[in-house]
Amino acid sequence: MAEYKLITTEGRAKRGEFKTVHGTIQTPVFMNVGTIAAIKGAVSTVDLHEIGTQVELSNTYHLHVRPGDKVVKQLGGLHEFMNWDRPILTDSGGFQVFSLAKLRKIKEEGVYFNSHIDGHKIFMGPEQSMQIQSNLASTIAMAFDECPSSVADRDYVQKSVARTTRWLKRCKDEMARLNSLPDTINKDQLLFGINQGAVYEDIRIEHAQAISEMDLDGYAVGGLAVGESHEEMYRILDEVVPHLPQNKPTYLMGVGTPANILESVERGVDFFDCVYPSRNGRHGHVYTNHGKMNLFNAKYELDSKPIDEECQCPTCRHYSRAYIRHLLKAKEMLGMRLCVLHNLYFYNHMMEEIRDALDAGNFAAYKKMRLEGFEEGKINGNR
């Protein structure tokens, strides 16, 4: 079912479209993060349509713990459950297993750990992750992997990556089995593999080459934006992305700021996700073409302008900085909601502009203009 069509390139930057059973995704794309099948900040799937969201991202681990993937399956899968008719990508749960679990034991078969909610024991391995994601019936399932620390020693990273490769083979076999079962909701569920290797270029490259041979539906670069510098992240992307198939989607997991996205598009990445726009929005930090603003600042108390006068989001079309600041100061949920809506629209619209720039062959000029605007905002104290 899946088909990735490369429309044009500019240097390493890719402009494509990815056909799935739940609709065609125009890339580069920013996936809006709804970890537990909802965007934090009281944003509905009706809102997501209005602000131009193409893909919603939910999390396997969190939905397995609550309400339970079997519950979601009984209710018709995630699309029915959350009333969303466009593509959904589910993260495998691997990152949460390693970041949330204080007590865990990694073995060849998988990981034994305790729930962060009530401490009950859970086992998750490649097969279990695929089974949960099949129950959720997402469009794209992510392979179960270990995300080693960016400061882990070389020997540990090598062993971890070798195990992740073995786990990926098991994920692929289990996904094929599940897609053939009569009671599977989405028999066209896709599988993306994940490149790991911390900040060791040679391990990353070797792993990219190994997983490329498995002919998966797409490939992600994981284990970045977890403590290393932006420069290190860009260096790894420069080295690794050329070793991933150009005729498949390339997904950089958990990244990032608008500047990070522009730099990564230039390096050949076309799928992104990050909690920044929703998390920052809930704290009154909003993105504009001239940098980030903190609406809690007193200077906005009497400011009748919208957050961004160039923006056509529902928030900027109807509300002022002063009003939103009042809502935030009063701890009124509407203030959070309006900021999150604005930020997600900003990201979605920036991706649309990136696609238009690639179509027109002037992405380099667009990137320069945007980065200069962000920098100018910093210099002029747009906080």
Side-chain angles (χ1 to χ4, degrees), residues 17-18 20 22-59 78-79 81-89 138-140 254-258 260-262 265 270-293 295 305-321 323-324 327-328 332-357 366 370 373-374:
E17 60 179 33
F18 189 47
T20 78
H22 296 119
T24 299
I25 303 164
Q26 300 296 324
T27 76
V29 62
F30 179 80
M31 299 183 283
N32 293 186
V33 180
T35 302
I36 57 167
I39 308 284
K40 283 188 179 178
V43 173
S44 73
T45 50
V46 176
D47 296 321
L48 294 184
H49 271 282
E50 187 178 0
I51 62 172
T53 301
Q54 293 194 75
V55 186
E56 188 272 349
L57 184 151
S58 288
N59 184 266
L78 265 184
H79 285 88
F81 186 50
M82 66 186 291
N83 188 32
W84 178 244
D85 60 354
R86 292 178 182 175
I88 296 174
L89 182 144
S138 58
T139 315
I140 301 167
V255 177
T257 67
N260 288 159
I261 289 173
L262 288 162
V265 165
D270 48 10
F271 272 61
F272 298 89
D273 81 281
C274 190
V275 297
Y276 281 172
S278 51
R279 180 184 289 164
N280 283 331
R282 297 195 306 275
H283 293 92
H285 293 258
V286 288
Y287 291 92
T288 77
N289 290 328
H290 306 287
K292 200 166 64 174
M293 297 166 56
L295 289 178
K305 294 193 291 293
I307 292 170
D308 188 337
E309 291 172 283
E310 301 167 30
C311 181
Q312 290 300 306
C313 80
T315 301
C316 289
R317 290 202 314 270
H318 300 292
Y319 302 101
S320 69
R321 297 170 180 177
Y323 177 63
I324 299 168
L327 296 175
L328 292 167
E332 166 54 52
M333 189 184 291
L334 179 59
M336 257 194 339
R337 172 177 152 74
L338 293 175
C339 290
V340 174
L341 271 174
H342 167 81
N343 280 353
L344 290 176
Y345 177 92
F346 177 85
Y347 269 65
N348 292 341
H349 185 62
M350 183 181 80
M351 301 314 292
E352 190 180 337
E353 290 182 340
I354 288 170
R355 293 192 295 271
D356 289 346
Y366 172 81
R370 278 283 163 257
F374 299 150

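Since we're looking at a predicted model, the values are computed, not measured. Values below: every heavy atom of this structure, side chains too, minus hydrogens, waters and symmetry copies.
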Look up atom [atom1] in [X] and atom [atom2] in [Y], then write down how far apart they are to the nearest 0.5 Å.
X	Y	atom1	atom2	answer
L295	S320	CG	OG	10.0 Å
R282	M333	CZ	CE	11.5 Å
S278	H283	OG	NE2	10.5 Å
D308	M293	CG	CE	8.0 Å
K292	N343	NZ	CG	9.0 Å
C311	H342	SG	NE2	5.0 Å

Nearest heavy-atom pair of [X] and [Y]: which atoms, and what distance?
X	Y	result
I261	V255	CG1-O, 4.3 Å
G254	C274	O-SG, 3.9 Å
Y366	A357	CB-CB, 3.8 Å
C339	G284	SG-CA, 4.3 Å
I25	P87	CG1-CG, 3.7 Å
A37	L78	CB-CD2, 3.8 Å

Is a side-chain donor or acceptor of [X] paired with a backbone partner of [Y] at a separation under 3.5 angstrom?
X	Y	answer
R337	A42	yes
D356	E353	no
T27	D270	no
R355	P28	yes

Are a donor atom and an acceptor atom from the side chains of [X] and [Y] found within less than 3.5 Å of each other?
X	Y	answer
N280	Y287	yes
S58	E56	yes
R279	H285	no

### Message
Consider side-chain contact (heavy atoms from CB on, under 4.5 Å). Of V275, L89, I88, which one does L57 pass it with?
### Response
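So the option named by the test is L89.
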
Only one of V43, L344, D47, L48 clears side-chain contact (heavy atoms from CB on, under 4.5 Å) with T53; which?
->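 Filter result, single survivor: L48.
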
For this session: Give the intermediate values and the outcome of side chain to side chain contact (heavy atoms under 4.5 Å, CB included) for residues V33 and N59.
Result: CA-CA 9 Å; V33 180; N59 184 266; over 6 Å; no

F272 vs M31, test: side chain to side chain contact (heavy atoms under 4.5 Å, CB included). Steps then yes/no. CA-CA 6 Å; F272 298 89; M31 299 183 283; over 6 Å; no

- Query: So does L334 have more than 12 non-hydrogen atoms from other groups sitting under 6.0 Å from CG?
  - Reply: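 Count over threshold, so yes.
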
**OP:** Report the residue from H49, H79, H22 that forms a ring-ring contact (aromatic ring centres under 6.0 Å, His included) with W84.
**Re:**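 It is H49, the one option of H49, H79, H22 that forms the ring-ring contact (aromatic ring centres under 6.0 Å, His included) with W84.
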
Y347/Y276 under side chain to side chain contact (heavy atoms under 4.5 Å, CB included): CA gap, chis, key distance, verdict: CA-CA 10 Å; Y347 269 65; Y276 281 172; 4.0 Å; yes

message: Under a 4.0 Å threshold between the charged nitrogen and the carboxylate oxygen, would E309 count as salt-bridged to R321?
response: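 No, this pair does not count.
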
*asked:* Could you go through F346 and V286, starting from their C-alpha distance and side-chain angles, then the distance that decides it, and tell me whether this counts as side chain to side chain contact (heavy atoms under 4.5 Å, CB included)?
replied: CA-CA 9 Å; F346 177 85; V286 288; over 6 Å; no

